[in-house]
Amino acid sequence: MNCDSLACKSNGLANGGMDLSVYVNEWITRPAGDPLGSVWDDPNDFRGSEVMIQRDYFTPSGKKWSEVKKAIEARAAAHPGDDAYKLTAADTINVTPRYWKFSDDKHPFRESFSQNIYDCDWYLIRIAETYLLRAEARLAQNNTAGAAADINVIRNRAGAKPCSAADVDIDYIMDERARELLCEEQRWITLNRLSCNPKATYVTAKYPTQDATTSNYMYERVRKYGFGYENAPGTRESYTDIYGNTRHRSNFKPHNYVFPIPAQIIQSNKDVKIPQNAGYATKF
């Protein structure tokens, strides 16, 4: 990472800045019941339906993209070691899925910088998040029945089965936030505020280690659900999924739950030295 000047820029990217959002991953795009796991715990939940998350397309050949993808993978398997047959991220990332929550029926992507992007209005504030925040507050009070009642107001609207008091913990609430506030909330901030906070006993009850060097809530969530960059394994920790495929965990480290303090802030304080956040080396 190269975050010495502006903490929100040049975060491992060749061009452009890095915002506080989190990219949608397979955990979100997989439908309910997928053997590899999914955030969607009910196939009747409208928010995770094909109507809202279009997971497949018809190609010009008339075949579904999922069928074409399988054919590409089969050709790649028949030509091991030949990069010309390899399926890359560039082949898929701009194809599927399409999130109708933020796209109208004209076109999901702009076709040139001179044309408009056709998409729907973006939410700034919604009553649904208020319910979820109160559910979290009630969990902090050990009032899981009250928390479940708040969550079920949202789930009922979405046509999803109700949750019970026994279902509710901090992970369930974060899962429900992902289901309801997909691409709306600043997910980084949400996970950040739940990390390294010893007073948040409703978090430490399940994740007792909360520090910048060993583990914390954001680190554990990203490690479990983070996109693995399968086309660039590098030094990432590998594991084998249920189908026997080798996959890789995110390189997110515990100290990444916060950004580094910008170098110009440290340099501008002449009377007292401001220490850099743990895990980051300041370069001048």
Side-chain angles (χ1 to χ4, degrees), residues 20-28 30 32-42 45 47-48 128-155 158 160-182 184-228 237 239 241-242 247 249-259 277-279:
L20 297 179
S21 62
V22 176
Y23 290 102
V24 175
N25 57 31
E26 294 175 2
W27 180 61
I28 294 289
R30 294 181 194 129
D34 191 293
L36 288 174
S38 171
V39 70
W40 306 105
D41 59 354
D42 184 350
D45 191 327
R47 299 167 298 181
E129 184 174 20
T130 305
Y131 276 109
L132 290 169
L133 287 172
R134 189 169 70 172
E136 189 177 329
R138 285 176 163 174
L139 175 63
Q141 298 172 331
N142 292 319
N143 180 8
T144 53
D150 281 338
I151 294 169
N152 285 332
V153 171
I154 300 168
R155 292 181 64 82
K161 63 183 179 184
C163 67
S164 68
D167 294 324
V168 179
D169 59 13
I170 186 57
D171 281 338
Y172 193 89
I173 291 177
M174 287 303 109
D175 290 354
E176 194 64 29
R177 288 185 70 94
R179 288 186 281 263
E180 179 65 26
L181 303 174
L182 171 65
E184 294 181 46
E185 68 170 329
Q186 295 283 13
R187 189 69 171 183
W188 187 293
I189 294 176
T190 300
L191 296 177
N192 165 276
R193 67 177 174 78
L194 296 171
S195 300
C196 300
N197 181 0
K199 294 183 180 180
T201 54
Y202 63 104
V203 179
T204 58
K206 191 167 185 180
Y207 298 89
T209 305
Q210 295 286 329
D211 62 55
T213 58
T214 309
S215 179
N216 53 61
Y217 190 70
M218 183 187 282
Y219 169 74
E220 294 295 344
R221 291 282 298 196
V222 173
R223 180 177 171 80
K224 185 175 182 180
Y225 301 116
F227 184 47
E237 177 186 347
Y239 68 98
D241 67 18
I242 62 172
R247 311 200 69 180
R249 303 192 191 281
S250 168
N251 258 347
F252 192 92
K253 301 296 190 296
H255 69 267
N256 294 141
Y257 87 99
V258 291
F259 283 124
N277 285 332

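Judged by distance alone, the side chain of D175 and the main-chain N or O of V39 form no donor-acceptor pair under 3.5 Å. One N or O on the side chain of R30 and one on the backbone of G37 form a donor-acceptor pair closer than 3.5 Å. Although no hydrogens or angles enter the test, the distance criterion places no donor-acceptor pair under 3.5 Å between the side chain of D167 and the main chain of Y172.
Among all heavy-atom pairs drawn from C196 and P198, the shortest one is O-CD, 3.6 Å. Closest approach of I151 and I173 over heavy atoms only: CD1-CG1, 4.0 Å. The heavy-atom pair separating F252 from Y257 by the smallest distance is CZ-N, 3.8 Å. Considering every non-hydrogen atom in both D150 and A135, the closest pair reads OD2-N, 3.6 Å.
Taking 4.5 Å as the limit, every side-chain heavy atom of E180 sits out of range of all side-chain heavy atoms of L182. Residues W27 and D34 form no side-chain contact, since every pair of their non-hydrogen atoms from C-beta on lies 4.5 Å or further apart. Between L132 and E185 the shortest side-chain heavy-atom distance does not fall below 4.5 Å.
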(request) Check step by step if side-chain contact (heavy atoms from CB on, under 4.5 Å) holds for D211 and N216. (result) CA-CA 6 Å; D211 62 55; N216 53 61; 5.9 Å; no
(message) Quick one, S195 with N192, criterion side-chain hydrogen bond (donor to acceptor under 3.5 Å, both in side chains). Give me CA distance, side-chain angles, the key distance, then yes/no.
(response) CA-CA 5 Å; S195 300; N192 165 276; over 6 Å; no
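A distance of 5.0 Å separates CZ in R187 from CG in L191, rounded to the nearest 0.5 Å. Between D45 atom CG and K161 atom NZ the span is 10.5 Å, to the nearest 0.5 Å. Note that the OG atom of S38 and the CZ atom of R179 stand 8.5 Å from one another [nearest 0.5 Å]. Interatomic distance, L181 CG to T190 OG1, rounded to the nearest 0.5 Å: 8.0 Å. Atoms CE and CZ, from M218 and R193 in turn, are 10.5 Å apart once rounded to the nearest 0.5 Å. Atoms CG and CH2, on N256 and W188 in that order, are 6.0 Å from each other to the nearest 0.5 Å.
Between R47 and D42, no side-chain nitrogen of the basic residue sits less than 4.0 Å from a carboxylate oxygen of the acidic one, so the salt-bridge criterion is not met. Ion pairing of R221 with D171 is present here, as a side-chain N (NZ or NE/NH1/NH2) and a carboxylate O approach within less than 4.0 Å. The pair R247-E26 meets the salt-bridge criterion, with a side-chain N (NZ, NE, NH1 or NH2) lying under 4.0 Å from an Asp/Glu carboxylate O. Using a 4.0 Å cut-off between a side-chain N of Lys or Arg and a carboxylate O of Asp or Glu, E129 and R177 qualify as a salt bridge.
With no hydrogens or angles considered, a side-chain donor-acceptor pair links E220 and S215 at under 3.5 Å.
Residues that satisfy the side chain to side chain contact (heavy atoms under 4.5 Å, CB included) test with A278, not counting sequence neighbours, are A212.
In this pair, Y217 and Y207 present their aromatic rings perpendicular. The plane angle is above 60°, beyond the 30 to 60° band.
At most 12 non-hydrogen atoms from other residues, nucleotides or ligands lie less than 6.0 angstrom from OH of Y131. Heavy atoms of other residues, nucleotides or ligands lying less than 6.0 angstrom from NZ of K206 number more than 12.
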